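Each remark here refers to the structure printed beneath this line.
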Amino acid sequence: MKIIVLKFGGTSVGTLDRIVKISKIIISYIKKKYKVIVVTSAMSGVTNELIKKAGKISKNFPNSERDVLLSTGEQMASALIAGKLCDLGFNSRSWMSWQIPIITKGNYSSARIIKIGTDQLKRYLKKGGTPIITGFQGLNKESRLTTLERGGSDASAIMLAKFFKAKRCIIYTDVDGVYTTDPNLTKKAKKIKALSYEEMLEMSSLGAKVMQPASIQDAKLNKVKIDVKSSFTNKAGTQIIGRKKIKDTNIIRGVSFTKNDAKISLLGVKDKPGVAAAIFEPLYKNSINVDMVVQNISSDGKETDLTFTIKSDDLLKTKKLISRNKKIKFKKLIVDKNVSKVSIVGVGMITTPGVTYRMFQALANKKINILVISTSEIKISVLIKSKNLKKSVELLHKEFNLNK
Ligand code: ASP
Ligand code: MG
């Protein structure tokens, strides 16, 4: 069987007109003799509305019931799509996760798919049916409904592609692919033809919101080939594939950035074992995500300065936790709310020396000061003043030949 998985995001099924439109996309694949597995998100806005309702009726709405409530969004969309396909003369029906079943493990609201039954669906596909599967939801050991993290329909699609050995998985969304940087920031942004899982993972964790990061991890582990395309236009999209299959030899694939960062510096912290752990423990316990961290080498061996970044939304809470923390002593706390992180991403930097230097020199040439630096195998991030954000992104985009 030539199986293909098509996933439609919230805006792609956002109105009844859109559902008619994507039904035609589905039919175009059926006509090309594909056995089509469709995965749908909830109509845009629906999941957020449901979350609000839960919050209004109870401050302690149980997580298990939250998942039952939220999964209704996808149920509604799947029935509407299946209904339209039947109306157009095709054999189609909705499948809830528990009917397949899609088995998950882990906590409510952040479950992960571990297994998908294939027998029933295979029989259905063989008979010429087109299943419309609810994304984002699964079933746990206790036979209760679960949901994946927000944006989790992507993960549903990827895992279905894995268990059904699909030729590929097409993620239909409202942008026509992954760009070298945010097209809203600069007109120089170009659509990327193909990038590796690792690059996509870094870029989506660093601010590019095209796909759910956890789903890309699933795709990488299971070698699922992905196409990201727009359901609004008929343009070629972006492929996400293994790095060996990529022909483009550019060292850097894209420039990502985040906007709402805040920097905290603790000056005059006692330099002894356990201090950093004592600072970060309460933050971790309160689910505050610490991103970049630098600790200066102390000149006298007694005191040091420690700087780290968090999301601006967490700033007040973080300041409170630090001032209440009896385990740490420091002389001064300095906060900077107007900082942004700019990153260059590309597997090419593993084998190319001098990328770090080029990045820093390009920023220095324009007198842009670097506040904090962090690196991984395939990315280099710098923290800068937010007022320099656009300029920095544009100059790095040019420096690494992404403007062409
Ligand atoms: N409807 C869910 C959400 O809004 C899942 C998804 O869209 O992928 O997070
Ligand atoms: Mg979505």
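Ligands are counted one by one from 1 in listed order, and the atoms in each one are counted from 1 as well. As the structure is a prediction and not an experimental result, all values here were calculated from the model. Note that the numbering runs from 1 along the sequence shown for the chain.
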Exercise for review: Report yes if the side chains of Q137 and T134 come closer than 4.5 Å at any heavy-atom pair, otherwise no.
Suggested key: yes

Check your understanding: Is there any N or O on D154 that sits under 3.5 Å from an N or O of ligand 1?
Key -> no

**Study point:** Within-shell test, E149 vs ligand 1, heavy atom, strictly < 4.0 Å
**Key:** no

Review point. Is the shortest side-chain N to carboxylate O distance from K285 to E281 below 4.0 Å?
Key: yes

**Study point:** Electrostatic pair D176-K191, nearest N-O below 4.0 angstrom
**Key:** yes

Study note, to complete from the structure: Heavy-atom proximity to atom 4 (O) of ligand 1 ranks first, among M211, Q137, R150, Q212, for R150

Check your understanding: Any N/O of S153 closer than 3.5 Å to an N/O of ligand 1?
Key -> yes

Exercise for review: Only pairs at least two apart or in different chains count here, so list each ring pair (Phe, Tyr, Trp, His ring centres under 6.0 Å) that has a residue in residues 114-139.
Suggested key: W95-Y124

Check your understanding: Any side-chain heavy atom of N140 within less than 4.5 Å of one from K105?
Key -> no

Review point. Going by the ring pair (Phe, Tyr, Trp, His ring centres under 6.0 Å) test, which pairs reach into residues 339-363, not counting sequence neighbours?
Key: none

Practice item. Any atoms of ligand 1 less than 4.0 Å from a non-hydrogen atom of S41? List them with their elements. Key: 6 (C), 7 (O), 8 (O)

Point to revise | Short N or O distance, G151 and ligand 1, threshold 3.5 Å exclusive | key: yes

Check your understanding: Below 4.0 Å from any atom of ligand 1, is there a heavy atom belonging to G10?
Key -> no

